[in-house]
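Worksheet: one structure, shown below.
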Amino acid sequence: MTVTTSHAHRHQPEPQDTARTDPHSGIVLRDVTKSYGKTEVLKGIDLHLDPGKVYGLLGANGVGKTTMMSLICNHIFRTSGSVTIDGEDPAENAKILERTVFIHEDQRWHDDYLVKHILSALPSFYRGWQPELAERLLERFSIPRKTQLKKLSRGQRSAFAVSISLASRAEYTFLDEPYLGLDPSSRNIFYEELMREVSEHPRTVLMSTHLIDEAANLMEEVILMRQGRIELHADSDAVTSSMTAVRGIEDAVDEFTASYDIVNSQSLGRIRSVLVRGSLSPRERERADRLHLSVETPGLQEIVAALGILDHDARQADVHDTQNEGAMS
Amino acid sequence: MTPPAPRSDRPIFLDLADQIADDILSGAYAPGTQVPSTTELSVHYRINPATAGKALNRLVDQGVLEKRRGLGMFVTADGTEILRTQRQGDLLETYLAPLMAEAARLGMTPDDVVALIRSHVEFSASRSSTTHPTEAPR
């Protein structure tokens, strides 16, 4: 299923914001696949990321989010298909890679190094490195400069990693579950600083996260992955209207949703809540009213969670099938 | 009966535009004064700058805000008045329609609702006239 994206009211960056190099074709993936042995982790990805936008990359664990990001950044090789950044192949391309930053879920550095050693090495990796910004971020996150990296807490390591990603001012910023262990106030600092940075110096950000509700407003577009494929790519505003939550007495809900594609269904006593694909026409809303059903647009987190459960069930079914085949032969 | 629009159905930029409009109506931003920039809104509410930009542009389209080159966004001379007129027009759909729908569900007639409004107004008036002089802050 696809939802068309609308850009009727694109944010116009201020004139002083546009200090980027040409050409701005952004990131383009065409029919990209990745297999490890017989396991196909990415099953034909087509994706276009515009320059200067913040994208949320969502989906359950194991759907291929990290693989896709690693592949764009040339940390791993694709099996087939093509990847270009501003029209060029990122493979072994120093010009592209010095404008790219990738923060991993469990970002690590050499344990014996002090924070300040890493800081002094970074300007040579990133063309746009901002030393003052790095200082300010470490200050806000209370990360001491003379500490060995192995002595930082899980949260401090995450804070250090996101500080580096922001201070790199890399035109292409990849954040894979960047804030493991960060407490709510530190996450808010990160969100504020990320928004300040992209507002004043637009850059492409692709961020995966499971903290969907609190990060949803940061994203201009949402990319939802399922089992190695892109299920949905839409403006944040449009994405939740791709599904509808219907709630009411079970018989009425069943009658109403019979003609719909049901994604998830839960019951509590005689009350049933069902998530269906698509949005309702005014006529269908009237029909729901007559059946005394409540109709709502689900939250983004609800949609991602429901699709994740669907995938989990599908995998379980596969396992059963394989076991049954094994028993028969 | 149409149920009130669910919250998540509404794009955030509309909520933000309403918030800024509320602040203009309350007098926090008088005509001729500057409102927060895209960056300030984006950082403060932790929302995408494009969303903040859409909210400001909506108010520009309505004639409530104007862009002054290199300076930022300002409330227009008749910005407050435009909002007031608009909100009065919305009163029916935003407040009255849901009120009447809920009253119908509770088995109340329109006359019951009118009586309720009248008694509420009288109650508020009597409270402000009796409590004010005695409980005036020292």
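Worth knowing before you read on, the calculation uses all heavy atoms, side chains too, and leaves out hydrogens, waters and symmetry mates. Source: prediction; values computed, not measured. Throughout, a chain's letter reflects where its sequence line sits, starting with A, and its residues are numbered from 1.
- Heavy atoms of other residues, nucleotides or ligands lying less than 6.0 angstrom from CD of A:E139 number 12 at most.
- Around atom CD of B:Q34, more than 12 heavy atoms belonging to other residues, nucleotides or ligands sit under 6.0 Å away.
- One finds the NE2 atom of B:H44 at 15.0 Å from the CE atom of A:M195 (value rounded to the nearest 0.5 Å).
- You'll find the side chain of B:K54 reaches within 4.5 Å of the side chain of A:D237, heavy atoms only.
- Between the CD1 atom in B:I47 and the CD atom in A:E220 there is a gap of 11.5 Å [rounded to 0.5 Å].
- A heavy-atom distance below 4.5 Å is found between the side chains of B:I12 and A:N217.
- Contact annotation: the side chain of B:P49 approaches that of A:V198 to within less than 4.5 Å [non-hydrogen atoms, C-beta and beyond].
- The most heavy-atom pairs under 4.5 Å with chain A, out of B:R58, B:E40, B:R46, come from B:R46.
- Within the model, atoms CD of A:E197 and OG of B:S42 stand 11.5 Å from one another, a figure rounded to the nearest 0.5 Å.
- Around atom CZ of A:R270, no more than 12 heavy atoms belonging to other residues, nucleotides or ligands sit under 6.0 Å away.
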TODO: Walk me through it: do A:L218 and B:N48 pass the test side-chain contact (heavy atoms from CB on, under 4.5 Å)?
DONE: CA-CA 5 Å; A:L218 308 174; B:N48 194 285; 5.8 Å; no
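- For A:R287, the CZ atom is densely surrounded, since the number of other residues' heavy atoms within 6.0 Å is greater than 12.
- In this structure, A:I262 places its CD1 atom where more than 12 heavy-atom neighbours from other residues, nucleotides or ligands lie under 6.0 Å away.
- Atom CG of A:L268 sits in a sparse spot, with 12 or fewer heavy atoms from other residues, nucleotides or ligands closer than 6.0 Å.
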